[in-house]
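First comes the structure, then the notes that go with it.
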Amino acid sequence: MRKALTLVATSVATALALTACGGSDSASSAVESLDPANPVTLTVGASPTPHARILEFVRDNLAEDTGLEIEIQEFDDYVTPNISLNDGDSDVNFYQHLPYLESQMEKQGYDFEHGAGIHVEPYAAFSDKHDDVSSIKDGARVMVTNDPSNQARALKMLEEADLVKDIADDSSVLTLTEEQNFKNLDFQENNPELLVNDLGDPTVDLAIINGNYILEAGLNTDDALLVESAEDNPYANFLVWKTGNKDARIDKLEELLHSPETKAFIEETWPNGDVTAAF
């Protein structure tokens with residue numbers, strides 16, 4: 001885990017507020033309003049790119065004088081942020097979409113709520129062996145995430161390219177029939193953060209990679225063989241918090257993340273659409 005920390009306030013009043021409300025299991029509803037004279041901290045767990053970068057923009061350009069200080073915890077995987085939130089080490093997190101959140105709440109028993117969509121990171125398929133998806137032969141090896149909530153997403157993108165067919169919302173590589181996988185593609189699963197490494201494997205024909213790991217690896221969807229459409233995309237990322245813990249701090253961060261300034265920052269930072277505002 002890597003952490004990028006903001007300066008915490010040094011006043012006694014702020015310290016008391018943080019003790020009562022920040023990063024703990026205590027009811028965060030105690031923060032009913034924000035006072036610029038006595039700022040309070042909100043601890044946010046996030047993926048480094050693009051989530052932490054967006055939060056840094058908000059922290060450094062929009063949150064000043066609002067009474068909100070943003071502390072960013074960076075996580076390199078998809079499992080730890082929800083553990084941190086559930087344990088009270090984070091107040092909120094920013095890295096996941098609804099299908100993943102729902103699968104984690106069902107599997108892990110989390111009691112979480114979420115805000116409105118902030119941005120979409122299109123899924124994309126890359127290859128070091130092929131220049132066009134039309135050259136993907138029968139029996140080709142395709143690397144996919146081992147996260148079930150994103151497998152259907154990957155398969156639907158492959159369906160658009162006529163590599164599989166009849167994909168449902170709950171489809172996975174383990175349940176594909178011969179009719180669905182008519183090209184007999186050899187699907188192999190890996191942790192989402194490791195799929196970039198599979199591109200260098202000479203036996204791999206195609207690797208389908210999550211948007212944040214595309215950015216972290218310095219890849220560009222302009223070079224991908226397949227790119228998911230961002231229009232009406234159901235995989236927008238949003239803020240998540242423990243049920244009943246939404247307070248003035250989270251309200252303010254939600255407001256700032258959905259501001260015209262944040263949308264402009266996203267569009268200017270990722271003009272090719274690798275990250276697309278969802279509002």
Exercise for the section: Please step through side-chain contact (heavy atoms from CB on, under 4.5 Å) for the pair I208 and L195, ending with a clear verdict. Expected result: CA-CA 7 Å; I208 304 174; L195 289 168; 5.9 Å; no
Handout entry: Step-by-step side chain to side chain donor-acceptor pair (under 3.5 Å) determination, N210 to Y235
Key = CA-CA 11 Å; N210 293 69; Y235 297 99; over 6 Å; no
[X] (side chain) donor-acceptor with [Y] (main chain) under 3.5 angstrom:
X	Y	value
D87	D89	no
S135	H130	no
H258	K263	no

With side chains defined as the heavy atoms from C-beta onward, is the minimum distance between [X] and [Y] less than 4.5 Å?
X	Y	answer
F57	E261	yes
F126	V204	no
L199	I209	yes
R153	P99	no
S47	Y213	no
L215	P50	yes
S259	L62	yes
L253	F94	no

Exercise for the section: Among residues two or more places apart or on two chains, list those pairs meeting salt bridge (Lys or Arg N to Asp or Glu O under 4.0 Å) that have a residue in residues 115-130. Expected result: K129-D205
Handout entry: L55 and its side chain to side chain contact (heavy atoms under 4.5 Å, CB included) partner, picked from L256, D60, L257
Key = L257
Locate the shortest heavy-atom distance separating [X] from [Y]; write the atom from each residue and the value.
X	Y	answer
L34	P36	O-CD, 3.9 Å
V196	A217	CG1-CB, 3.7 Å
L155	V173	CD1-N, 4.0 Å
V92	L85	N-CD1, 3.6 Å
D186	G139	CB-O, 3.9 Å
P122	A230	CG-CB, 4.3 Å

Problem - D138, CG atom: more than 12 neighbouring heavy atoms under 6.0 Å - result: yes
Practice task
Taking atom CD of E267 as the centre, report whether more than 12 heavy atoms of other residues, nucleotides or ligands fall under 6.0 Å from it.
Solution key: yes
Handout entry: Partners meeting salt bridge (charged side-chain N to carboxylate O under 4.0 Å, His left out) with D169 (sequence neighbours left out)
Key = K156
Report, one line per pair, each donor and acceptor closer than 3.5 Å where one atom sits in a side chain of residues 159-168; sequence neighbours left out.
unit_1	atom_1	unit_2	atom_2	d
E159	OE2	D166	N	2.9
E159	OE2	I167	N	3.3

What pairs with [X] under side chain to side chain contact (heavy atoms under 4.5 Å, CB included), at least two apart in sequence or on another chain?
X	answer
S172	Q151, L174, T175
T269	R53, F265
S103	Y100, S149

Hey, could you give me the [atom1]/[atom2] distance between [X] and [Y], rounded to the nearest 0.5 Å?
X	Y	atom1	atom2	value
T49	I214	OG1	CD1	12.0 Å
E254	I118	CD	CD1	6.0 Å
K107	N82	NZ	CG	12.0 Å
E69	R59	CD	CZ	10.5 Å
H114	H97	NE2	NE2	12.5 Å
E113	K242	CD	NZ	12.0 Å

Cluster question for you: counting only ILVMFWY and a side-chain heavy-atom cut-off of under 4.5 Å, with indirect links fine, are [X] and [Y] together?
X	Y	result
L42	V40	yes
F187	F182	no
F112	V79	yes
L68	V31	yes
L206	L185	yes

Practice task
Apply the test side-chain contact (heavy atoms from CB on, under 4.5 Å) to residues Y123 and T145: give CA-CA distance (whole Å), side-chain angles for both, the deciding distance (0.1 Å), then the verdict.
Solution key: CA-CA 11 Å; Y123 233 24; T145 178; 3.3 Å; yes
Exercise for the section: Apply the test side chain to side chain donor-acceptor pair (under 3.5 Å) to residues N93 and S90: give CA-CA distance (whole Å), side-chain angles for both, the deciding distance (0.1 Å), then the verdict. Expected result: CA-CA 7 Å; N93 66 41; S90 304; over 6 Å; no
Practice task
Report the C-alpha separation of N233 and E228 in whole Å, then their side-chain angles, then the decisive distance to 0.1 Å, and conclude whether the side chain to side chain donor-acceptor pair (under 3.5 Å) test is met.
Solution key: CA-CA 9 Å; N233 191 301; E228 179 184 59; 3.1 Å; yes
Problem - Ring center gap for F238 and F279 short of 6.0 angstrom - result: no
Problem - Aromatic centroids of H51 and F75 separated by under 6.0 Å - result: no
Exercise for the section: May I have the step-by-step check of side chain to side chain donor-acceptor pair (under 3.5 Å) for N245 and D91, ending in yes or no? Expected result: CA-CA 8 Å; N245 279 14; D91 298 304; over 6 Å; no
Problem - Pair Q188-D198, side-chain donor/acceptor within less than 3.5 Å - result: no
